Amino acid sequence: DGLILENLRFQTTGVDVALPKTRLQLNLARLLSGNIIVDDLSLTQPKIAIDTSVMPPSEEKQPESGPMEKIHLPVSVQVKNVAITDFDMKLDQSNITFSSFKSAVSLNNESGLTLEPTTLSDVLFSTVSQTQPNPPQPEQKEPAKPIDWAQIEQTLTPAFLGNLNTVNLPFDMHIPSFLGTNWQYQSLNEKGEETQKITVPKVELQADATDHLVKLQKLDIDSSLGTLSSQGQLQLNDDFPVDLTLKSDLQAFKSKDKTILPASKVDLNLSGSLKKTTALSLTTQGVLDATLTGDVKLAEDKMPLNLQLKAKKGQYAFADSLAPLKINDVDIKLTGDLLNYHAEVVGGVEGMDHIPHTHVDLNADGKLYEVTLNEHVSLDNVAELEHRAVLETELLQVLLQGVASLLQVTLLGLVQASFLNILKTELYSIVAVLLFGLELSYNARTCFDYGAGDNLAVSVEDLGHADLLADDCFVQHFVFPP
């Protein structure tokens, strides 16, 4: 029957572990030949409480340098059955419970790590948000330091993946089937009232990593926010060829029974190689019916790029009191690199109570800190606007803000934050290789109030996200003209 232990307890500063019943059954038949076999490892109603506020601070350790190498194991390990029932863990103000975890695992030099068909059921992750009774008074802000554009250029110049070399996994990994059912996330206030709830009825995962080839054979997530499916592969040597697809159907996002974002579909494809040219294709339907295509060179200095965004239609209401901003048949092209780019914008824009249907045709050259309009600029129907002299300039400024924002949000946001961070996270967690990315602490916001009269300001002090209603120059001059 194996070894059965009851009412085990472990306590230390900030940690309390209670194991009402534990069963361990060993098979010693092949121990002398270097094979550790565990027929059964079962835990019933384990309870763990962790309070990090009273735990002693951990010592900082210098990360070990050097490439990862294959690990040679002196023995092989096989656990034929792992079962955990009614698990309960409290971590500060968060609580994690699940009713059942069942699996089997083996680790040896021949096949590596194999996680046999695994199930994890009835997971509930809940967290309690606490409000401060006396919020701290804001400290007096120091005068903002001028942006060091030279330092930013120096940061952006080296290739993102210039030092990416062959990655050796410590051992092969195989996950033929992982199934999660009935997962939930719950956010509570101090009174125990539910403020947010996300349900995940089903999660399926199949993955394999053999030698230098990592395959995501299947990832399916079904949740109250929508569905997501993905598959693909990445080679961890040579030119690092990649082939990844991701599809998602997102439910409409509502707040107080009002639709903030309509239901949307997203289709992302990555192909090519990380060391040479990486091609991307992103298609969205919903709040924006658009396609983004192009390629980037992540292993070259300044990251050369060639992107095109075609938006058939899209609209978004920035405020309840204003009609939504609408765009139609917009075509935006970006070429160059992160430090020097050329942009061409063609399309229609209208809405927000002050913009009639207007056709836009312009092109511009830009750097991190400036945007220069070229001679060819066309704004049809602008004459219908009141305060034409000022509003024509403001509309051009908003459009330029969109170009700058496209560079920062679409380019850096999608390519670097979404794409590179996904790659970086995966390689960190799976193969523990360092991929350093761009970290900019500067606030991203564009304001063109440094122009005068009908003259556009050439220098853009802050390039970044298009938060139109938060931009004083847009609100004061364009949305609510004097």
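Both backbone and side-chain heavy atoms feed into the values below; hydrogens, waters and symmetry mates do not. Predicted, not measured: the structure shown is a model, and the values here were computed from it.
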For side chain to side chain contact (heavy atoms under 4.5 Å, CB included), just list the numbers for Asn95 and Gln186, CA-CA rounded to whole Å, side-chain angles, deciding distance to a tenth of an Å, and then say yes or no.
CA-CA 10 Å; Asn95 200 72; Gln186 187 181 49; over 6 Å; no
Using the side-chain hydrogen bond (donor to acceptor under 3.5 Å, both in side chains) rule, take Ser94 and Asp92 through it: C-alpha gap first, then chi angles, then the decisive distance, then the call.
CA-CA 6 Å; Ser94 300; Asp92 296 332; over 6 Å; no
Starting from the C-alpha separation in whole Å, work towards a yes-or-no answer on side chain to side chain contact (heavy atoms under 4.5 Å, CB included) for Leu228 and Leu219.
CA-CA 8 Å; Leu228 182 146; Leu219 174 62; 4.2 Å; yes
Salt bridge (Lys or Arg N to Asp or Glu O under 4.0 Å) evaluation trace for Lys276 with Asp295
CA-CA 10 Å; Lys276 290 186 176 180; Asp295 55 72; over 6 Å; no
Verdict with reasoning, Gln308 to Asp331, per side-chain hydrogen bond (donor to acceptor under 3.5 Å, both in side chains):
CA-CA 7 Å; Gln308 182 174 19; Asp331 189 347; 3.0 Å; yes
Would you check, one step at a time, whether the test side chain to side chain contact (heavy atoms under 4.5 Å, CB included) holds for Leu234 with Asp243?
CA-CA 7 Å; Leu234 171 65; Asp243 184 6; over 6 Å; no
Given side-chain hydrogen bond (donor to acceptor under 3.5 Å, both in side chains), test Ser187 with Thr195 step by step and report yes or no.
CA-CA 6 Å; Ser187 179; Thr195 58; 3.2 Å; yes
Tell me, with the steps shown, if Thr97 and Val123 meet side chain to side chain contact (heavy atoms under 4.5 Å, CB included).
CA-CA 6 Å; Thr97 64; Val123 177; over 6 Å; no
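Residues satisfying the salt bridge (Lys or Arg N to Asp or Glu O under 4.0 Å) test with Asp267, not counting sequence neighbours, are none.
No side-chain N or O of Asp238 forms a donor-acceptor pair with one of His212 less than 3.5 Å apart. For the residue pair Ser271/Asn269, the side-chain donor-acceptor check at 3.5 Å is not satisfied. Between the side chains of Ser100 and Thr85, not a single donor N or O lies within less than 3.5 Å of an accepting N or O. A donor-acceptor contact closer than 3.5 angstrom links the side chains of Ser99 and Asp122. Asn35 and Ser76 share a side-chain donor-acceptor pair at under 3.5 Å.
Of the possible polar contacts, one joining the Ser264 side chain to the Pro262 backbone as a donor-acceptor pair under 3.5 Å is found. In this structure, Thr118 contributes its side chain and Glu116 its backbone to a donor-acceptor pair below 3.5 Å. Under a 3.5 Å cut-off, the side chain of Asp51 and the backbone N or O of Ser53 do form a donor-acceptor pair. A donor-acceptor contact shorter than 3.5 Å is absent between the side chain of Thr291 and the backbone of Thr283. Side-chain atoms of Ser223 come within 3.5 Å of backbone atoms of Gly226 as a donor-acceptor pair (strictly under, hydrogens ignored). Using a distance-only test at 3.5 Å, with no hydrogens or angles considered, no donor-acceptor pair links the side chain of Thr157 to the main chain of Lys302. At least one donor-acceptor pair closer than 3.5 Å links the side chain of Asn27 to the backbone N or O of Ala29.
Here NZ of Lys21 is found 11.5 Å from CG of Leu43. Values are rounded to the nearest 0.5 Å. A distance of 9.0 Å separates CG in Leu205 from CD in Gln217, rounded to the nearest 0.5 Å. Separating the OG atom in Ser177 from the CD atom in Gln206 is a distance of 6.0 Å, to the nearest 0.5 Å. In this structure, Ile4 CD1 and Thr22 OG1 are separated by 10.0 Å, a value rounded to the nearest 0.5 Å. A distance of 5.5 Å separates OG of Ser111 from NE2 of His174, quoted to the nearest 0.5 Å. Separating the CG atom in Asn109 from the CG atom in Leu107 is a distance of 8.0 Å, to the nearest 0.5 Å.
Taking every heavy atom of both residues into account, Asp211 and Leu169 meet most closely at O-CD1, 3.8 Å. Closest heavy-atom contact between Ser248 and Thr227: OG-O, 2.9 Å. Of all non-hydrogen atoms in Pro201 and Asp222, the two that sit nearest each other are CD-O, 2.9 Å. Across all non-hydrogen atoms, the minimal contact from Asp301 to Ala159 is OD1-N, 3.2 Å. Between Leu288 and Ala311, the shortest heavy-atom distance links the atoms CD1-CB, 3.9 Å. Considering every non-hydrogen atom in both Lys367 and Tyr341, the closest pair reads O-CE2, 3.7 Å.
Look at Lys313 and Asp329 and you find no salt bridge, because none of the NZ, NE, NH1 or NH2 atoms lies under 4.0 Å from a carboxylate O. A salt bridge does not link Asp208 to Lys215: none of the charged nitrogens lies less than 4.0 Å from a carboxylate oxygen. Contact check on Glu204 versus Lys202 returns a salt bridge, with a Lys/Arg side-chain nitrogen under 4.0 Å from an Asp/Glu carboxylate oxygen. With salt bridges taken as basic N to acidic carboxylate O contacts below 4.0 Å, none links Asp40 and Lys80.
Put simply, the side chain of Asp39 does not reach to within 4.5 Å of the side chain of Asn81, judged on heavy atoms. In this structure, Leu325 and Val349 have side chains that are in contact, with non-hydrogen atoms separated by less than 4.5 Å. Counting heavy atoms from C-beta on, the side chains of Thr199 and Trp183 never come closer than 4.5 Å. A 4.5 Å side-chain heavy-atom check between Ile198 and Leu225 finds at least one atom pair inside the cut-off. With a 4.5 Å cut-off on side-chain heavy atoms, Leu213 and Thr210 do not count as touching.
Atom NZ of Lys90 has more than 12 heavy atoms from other residues, nucleotides or ligands within 6.0 Å. More than 12 heavy atoms of other residues, nucleotides or ligands sit less than 6.0 Å from atom NZ of Lys275.
Checking each of Leu298, Asp337, Leu339 against Met303 for a side-chain contact (heavy atoms from CB on, under 4.5 Å) leaves exactly one that passes, namely Leu298. When each of Val75, Val77, Ile71 is tested with Leu73 by the rule side-chain contact (heavy atoms from CB on, under 4.5 Å), just one qualifies, namely Ile71.
Aromatic ring pairs are classed by plane angle as parallel below 30°, tilted from 30° to 60° and perpendicular above 60°; the pair Phe98 and Phe87 is parallel.
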